[in-house]
2 protein chains.
Amino acid sequence: MTTRWLTPEEQRAWRAYLAATHLLEDAIDRQLQQDAGMPHLFYSVLANLSDAPERRLRMTDLAETLKITRSRLTYAVTRLERDGLVRREDCRWDKRSSLAVLTDEGTAVLERTAPGHVETVRATLFDRLTPEQVGQLEEIFTGVVRGLQGDATEAGDDVPWRRRSSCAPPPPAEP
Amino acid sequence: MTTRWLTPEEQRAWRAYLAATHLLEDAIDRQLQQDAGMPHLFYSVLANLSDAPERRLRMTDLAETLKITRSRLTYAVTRLERDGLVRREDCRWDKRSSLAVLTDEGTAVLERTAPGHVETVRATLFDRLTPEQVGQLEEIFTGVVRGLQGDATEAGDDVPWRRRSSCAPPPPAEP
DNA sequence: CGGTCTTGGTTCAAGTTTTAAACAAACCTA
DNA sequence: TAGGTTTGTTTAAAACTTGAACCAAGACCG
């Protein structure tokens, strides 16, 4: 089969995408390293924990939402634990699972550094976009996400199989 | 000054952006590592050289278009040179500069692996976008790029100063 | 010219991060 | 209970990045 090369428009879009994501990631990383002393990934860990109920998440779930391997997450959490921003806790109902919990100190760091981070995200991205473009951005990338991680789910979607995520008590037995 | 937090729409867009760029970069890196035995950055080096006149570029220019530090580029080119895909050459007119040149072998590797790469980019991104969305993507990110790298240029744009880029012969003296 | 500043590029050492494979414990299912 | 699966960590190796220091070559300026 003959290759479907990118059209000139697609090439321009692709180049712009590559350059922008590169510059953006650089800018954000630099700012966070400067003001929070950690790379973007670590900050994302804290941010996700902060949003979660009771400020805690199973390692696997966290890895999944961050789209990284468990191994990588183990490393990140170990570092954050060393700095006292995160603590590990055992799941009461599934003794294999461990939870990453945002400590008070972690919360404090987040509260202190979040404004600067948001400011950077604004300055580099959102302040340059019209409201319509914000919508377009979301639309485009939610599609991409669905396409990329849906692959696994798609095949088995005739199996309405539900995994118990998030360390939660087992469902009560039916009488 | 009080923080301007992200609106709910912006938050959704931001999350989608983060997840998508992450998954995309992963998918592309995995495919290239698999089929070309190199990470995305290295492939980009080859691709850029391939597009350049005479398949060669000054290190500094290449680093600039790739948005990476010269140090990082030195590392990449050294690796690629070790594999025979790139060769260094001295600039005849400015003996400080060195050029990265795509070798025949590098060209061959690129020709062999480009179809697979393009296919991945299509499958993960462009095949999911309408033509309008391709345009939106370009528009959004060219704006971001301008904003981020324009910072340096903006301040001095009253100085119509032109640097001689790309190893080229000096302009002939005016009679 | 001679001195100074800037640019281009590399080197080097240190540190960070990523990967992949192997592992152990806990859970599930038949 | 046996056999498979999920969870999470460990480990060692490799890959990568950073930043500072450095040298050489060009540019600038009196």
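Below, chains carry the letters A, B, ... as their sequence lines are ordered, and counting in each starts from 1.
Side-chain atoms of B:Arg15 and B:Gln11 form a donor-acceptor pair, as typed in the model, at a separation below 3.5 Å.
One can place CD of A:Gln34 at 15 Å from P of D:dT18, the figure rounded to the nearest angstrom. Rounded to an integer number of Å, the gap from CD1 of B:Ile68 to P of D:dT17 is 8 Å. Atom-to-atom, CH2 of B:Trp93 to P of D:dA24 comes out at 24 Å; the value is rounded to the nearest Å. Nucleotide C:dT18 holds its P atom 12 Å from the CG atom of A:Leu66, rounded to whole Å. Rounded to an integer number of Å, the gap from A:Tyr75 OH to C:dT19 C1' is 13 Å. We find that CD of A:Glu25 is positioned 11 Å from P of D:dT18, with the value rounded to whole Å. The nearest whole Å value for the distance from the CG atom in B:Asp94 to the C1' atom in D:dA24 is 11 Å. For the pair B:Asp29 CG and C:dT18 C1', the interatomic distance rounds to 11 Å; values are reported in whole Å.
Between B:Arg82 and A:Thr78, the residue whose closest nucleotide on DNA chain D is further toward the 5' end is A:Thr78. Between B:Met59 and B:Asp26, the residue whose closest nucleotide on DNA chain C is further toward the 5' end is B:Met59. Comparing B:Val77 and A:Ser71 along DNA chain C, the residue whose closest nucleotide (by nearest heavy atom) sits nearer the 5' end is B:Val77. When the nearest nucleotides of DNA chain D are assigned to B:Leu41 and A:Thr74 by heavy-atom distance, the more 5′-ward of the two goes with A:Thr74.
Within 4.0 Å of B:Arg88, counting heavy atoms only, lie sugar-phosphate atoms of the nucleic acid but no base atom.
Side-chain N/O atoms of B:Arg96 and base N/O atoms of C:dG9 include no donor-acceptor pair closer than 3.5 Å.
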Distance-only check: which donor-acceptor pairs under 3.5 Å involve side-chain atoms of residues 97-106 of chain A, not counting sequence neighbours?
from     : atom 1 : to       : atom 2 : distance (Å)
A:Ser97  : OG     : A:Arg58  : NH1    : 3.3
A:Thr103 : OG1    : A:Gly84  : O      : 2.7
A:Thr103 : OG1    : A:Leu85  : O      : 3.1
A:Thr103 : OG1    : A:Glu105 : N      : 3.4
A:Thr103 : OG1    : A:Gly106 : N      : 2.9

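Ring orientation note: the planes of A:Tyr17 and B:Phe141 are nearly perpendicular, at an angle over 60° on the 30°/60° scale.
In this structure, A:Arg72 does not reach the C:dT17 phosphate: none of its side-chain N or O atoms is under 4.0 Å from OP1 or OP2. At C:dT10, one or more side-chain N or O atoms of B:Ser98 fall inside 4.0 Å of OP1 or OP2 (strictly under the cut-off). The shortest distance between the side-chain N/O atoms of A:Ser97 and the OP1/OP2 oxygens of D:dT7 is not below 4.0 Å.
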Start with the C-alpha distance between A:Thr3 and B:Arg122, add both sets of side-chain angles, then the distance that settles side-chain hydrogen bond (donor to acceptor under 3.5 Å, both in side chains), and finish with yes or no. CA-CA 11 Å; A:Thr3 305; B:Arg122 277 213 163 290; over 6 Å; no
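Taking every side-chain heavy atom of B:Arg79 into account, D:dA15 is the closest of C:dT17, D:dA15, C:dC27.
In terms of heavy atoms, A:Tyr43 sits closest to A:Met38 at N-SD, 3.6 Å.
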